[in-house]
Amino acid sequence: MVMRKTLTMVTLGFALLGGAVLATAQTPAAGGANKTTRIMSIPELKTRAADAMKSMNRMLTDSFALLEQSIASQDIATTNARNEAITQMKALVKLSEQNHMTLQQRAAEGDRDAVEHEYVKINIASAKTQELYAQVKSAGGVRTDLEMTDVERTLDINAALPQPESIDFMPEGDTVPEPPIYASPYF
């Protein structure tokens with residue numbers, strides 16, 4: 001059951017990445033990505049793609065360290081959340097490695113359009129990996145110490161504000177208002 005769920009998540013990740021890449025490839029100015037990549041040279045695209053790959057690998061390595069911490073602390077919920085995100089990250093990194101190899105091959109051939117296409121795919125995977133890394137980091141929640149004893153409590157009162165002389169919550173006189181005309185039983 002766990003294997004099937006993991007396989008489903010990986011397949012869904014590939015489908016989302018493929019759909020995003022297809023949408024980007026079909027629209028010439030999707031988010032300005034083509035305008036940005038047209039300005040850069042092929043060696044610059046290669047360098048930026050390599051930097052993105054290094055960043056993705058670093059995030060994956062850090063995620064494994066955080067997973068080890070959650071396993072050591074026997075926090076099942078955090079371990080499961082991190083494990084699911086890491087599974088998707090591994091798939092994205094593996095796919096991006098293949099895209100990076102294709103990018104290098106197309107750069108050697110001098111095919112600028114193919115280089116740009118692979119660069120966009122790597123950038124999309126890098127953005128998704130950053131999102132998953134944020135999930136891995138926040139899976140443990142915010143660490144708080146509920147038994148802290150050095151908490152200082154203060155109450156600041158601004159005496160310059162006007163103070164009411166008397167507070168009258170209930171108006172004097174009839175406490176039951178007259179029913180409105182439209183509430184008449186004869187209407």
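Heavy-atom basis, side chains included; hydrogens, waters and symmetry copies ignored. This chain uses plain numbering: 1 for the first residue, then up along the sequence.
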pair [X]-[Y]: side-chain heavy atoms closer than 4.5 Å:
X: Leu92; Y: Met89; answer: no
X: Glu118; Y: His100; answer: no
X: Met101; Y: Gln104; answer: yes
X: Gln69; Y: Phe64; answer: no
X: Ser96; Y: Lys121; answer: no
X: Asn99; Y: Leu103; answer: no

Which heavy atom in [X] sits nearest to a heavy atom in [Y], and how many Å separate them?
X: Ile122; Y: Ala49; value: CD1-CB, 4.0 Å
X: Thr79; Y: Leu67; value: O-CD1, 3.7 Å
X: Val136; Y: Arg82; value: O-NE, 2.9 Å
X: Leu66; Y: Lys137; value: CD1-CG, 3.8 Å
X: Ala107; Y: Val115; value: N-CG2, 3.4 Å

* To do: Would you please name every residue forming a side chain to side chain contact (heavy atoms under 4.5 Å, CB included) with Glu97, sequence neighbours left out?
  => Met53, Asn57, Val93
* Arg48: partners by side chain to side chain contact (heavy atoms under 4.5 Å, CB included), with sequence neighbours left out ->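 Partners of Arg48 under the side chain to side chain contact (heavy atoms under 4.5 Å, CB included) test: Met40, Glu44, Tyr119.
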* To do: List for me each residue that meets side chain to side chain donor-acceptor pair (under 3.5 Å) alongside Glu109, sequence neighbours excluded, and say none if there are none.
  =>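 Glu109 satisfies side chain to side chain donor-acceptor pair (under 3.5 Å) with Gln105, Arg106 only.
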* **Donor-acceptor contact below 3.5 Å, side chain Ser63 vs main chain Met59** => yes
* To do: Verify side-chain hydrogen bond (donor to acceptor under 3.5 Å, both in side chains) between Thr78 and Ser70, making sure each step is shown before the conclusion.
  => CA-CA 6 Å; Thr78 303; Ser70 62; over 6 Å; no
* Asked: If you measure from OG on Ser126 to OH on Tyr133, what distance do you get to the nearest 0.5 Å?
  -> 13.0 Å
* To do: State whether Asp113 and Arg38 are salt-bridged, where the test is any N-O pair (Lys NZ or Arg NE/NH1/NH2 against Asp/Glu carboxylate O) under 4.0 Å.
  =>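 Arg38 and Asp113: salt-bridged.
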